[in-house]
Amino acid sequence: LLVPLNQDLIGRTYRCSTTYEVSREVIRRFAIAIGDSNPLYFSREAARAAGHPDVVAPPTLLTALTHRFHDEGPLVDPELGLDYSVAVHGDQRFTHHRPVVAGDVLSAEVVIDEIRATGRNELLGFTTRVLDADSAPVCDIWTSMISRGTAPAGRGTDK
Amino acid sequence: VSVRRFADAAVGTRLPSLSFRITRLRLVEYCGASGDFNPIHWSQRHATAVGLPDVIAHGLCTMGMAGRVVTDWAGDPTRVLQYAVRFSAPVPVPDDDAGTTVDVDAIVTATDEAARTATVELTGRVGETTVLTRAVAVVRLD
C-alpha cells in the first residue's frame, strides 16, 4: 500500500544532536574513494602553499556528514511516511559558503523545503545546513528524493 | 597548484574530458568513506530484489568522481562554489574487474566578470545513457 507523504511536515527542522569533525584521514579516505589525487586533499604543505590552514575537502565530502546524521533526519521520521524502498535519489546540490578544511567541527540542521506531487510520484526536497563551530554557514546541501507512485492522485490505481 | 585565470575561461571553453571506471571495489571504498551502506550498492541479492538489474553505484560516488573534471580545471577544489546534478539513470556495476566506465564532458556556459566566476555544465554518460544531467558547477577563478 502506497501512502502519500505528509505535507504538514514542510518547514519542519531537525537539529542534529552532535558535531561532525573533519579530519585529515576523513578527507584522505574520501578522496581515495572518489579516485582523486589532488594534492590539496593529501598534503598539508600543498594546502598551505595554496593559502589554506590544512588539507581541504572535496566538493561532495559533506555527504558523509549527511549520512552520519541520517538517523536524526527526515528520511526516518515516521510522521513523514517515506517508504525508502520506493524512493530514489533525484537531485543533489552543494552550495559552499567557505572551504571545508581538516579540523573543522561542524553541526547541521535539516529543513524540509518541499513535498509535492509530480505526476504519480512525489518529490521530497530538503536542505542540510552545515554550520561551523561559530554557527557561521559552511555549506547548504539540497537533496531531492522521488517517492515513486505515492502521489495522492495515484491512490486507487497503485495497489 | 595554481588557480585558473578568469581570462582563460571564455564561454564555450571545453574542459578536458574525463573517463573513469567504477568497480565493485570502488563502491565498497565509497560505502566506507561516505557512510552510505545501502545494500543496493554492494549486494546483488538486495539490488535485484528491489528490481534493479545489478548492484548500482551511489549517485554521489558518480557525482564525486565526475567533479574532478571541474576541480582539476580550477586548480584549487575549494574554488567550486556550487555543484549540482540530477541523477537521470542508475549506473549498474557488474561483478568483474572492468566495472563500468563513465565518460564526462564539461563546457563553460556562462561567466560573471564582477564575481570572477564561470558556470560549467557537465554531462555524465555510460555508453549512450546519460547518467548525470542538469549538472552544473560554479567556479570562482583568479
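Hydrogens, waters and symmetry mates play no part in the numbers below; they use all other heavy atoms, side chains included. Below, chains carry the letters A, B, ... as their sequence lines are ordered, and counting in each starts from 1.
- Side chain of B:Gln82 to main chain of A:Phe94: no donor-acceptor pair is present (N/O by atom type, distance under 3.5 Å, no hydrogens or angles).
- Between the side chain of B:Asn38 and the main chain of B:His41, no donor-acceptor pair closer than 3.5 Å is present.
- Contact tally against chain B (heavy-atom pairs below 4.5 Å) for A:Leu65, A:Asn38, A:Val56, A:Leu62: the top residue is A:Asn38.
- Between B:Asp103 and B:Arg125 no salt bridge is recorded (no basic side-chain N to carboxylate O distance below 4.0 Å).
- Put simply, of A:Ile146, A:Leu40, A:Leu61, the one with the most heavy-atom pairs under 4.5 Å next to chain B is A:Leu40.
- Heavy atoms closer than 4.5 Å to chain B are found in both the backbone and the side chain of A:Ser37.
- Between B:Arg79 and B:Asp142 there is a salt bridge, with a side-chain nitrogen of the basic residue lying less than 4.0 Å from a carboxylate oxygen of the acidic one.
- Heavy-atom proximity under 4.5 angstrom to chain B picks out A:Pro99 from residues 98-111 of chain A.
- Contacts of B:Val1 with chain A are made by side-chain atoms alone, with heavy-atom separations under 4.5 Å and no backbone atom involved.
- The shortest side-chain heavy-atom distance between B:Phe87 and A:Asp91 does not fall under the 4.5 Å cut-off.
- Among residue pairs with one or both ends in residues 64-79 of chain A, those qualifying as salt bridge (Lys or Arg N to Asp or Glu O under 4.0 Å) are A:Arg12-A:Asp77, A:Arg12-A:Glu79; sequence neighbours excluded.
- Chain A forms more heavy-atom pairs under 4.5 Å with one residue of B:Met65, B:Arg26, B:Arg68 than with any other, namely B:Arg68.
- A:His96 meets the ring-ring contact (aromatic ring centres under 6.0 Å, His included) test with no other residue; sequence neighbours excluded.
- In this structure, a donor-acceptor pair under 3.5 Å is absent between the side chains of B:Ser34 and B:Asp36.
- Taking A:Gly35, A:Gly51, A:Ala49, A:Ala50 one by one and counting their heavy-atom pairs under 4.5 Å with chain B, the maximum is reached by A:Gly35.
- Between chain B and the options A:His52, A:His70, A:His97, heavy-atom pairs under 4.5 Å are most frequent for A:His52.
- Put simply, of A:Thr66, A:Asp140, A:Asp36, A:Thr95, the one with the most heavy-atom pairs under 4.5 Å next to chain B is A:Asp36.
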Would you check, one step at a time, whether the test side-chain contact (heavy atoms from CB on, under 4.5 Å) holds for B:Val55 with B:Arg24? CA-CA 8 Å; B:Val55 163; B:Arg24 290 287 183 91; 3.7 Å; yes
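- Contacts with chain A were tallied for B:Leu60, B:Val50, B:Thr62; B:Leu60 has the most, counting heavy-atom pairs under 4.5 Å.
- The side-chain contact (heavy atoms from CB on, under 4.5 Å) test applied to A:Ala33 returns B:Glu29, B:Tyr30, B:Ala33, not counting sequence neighbours.
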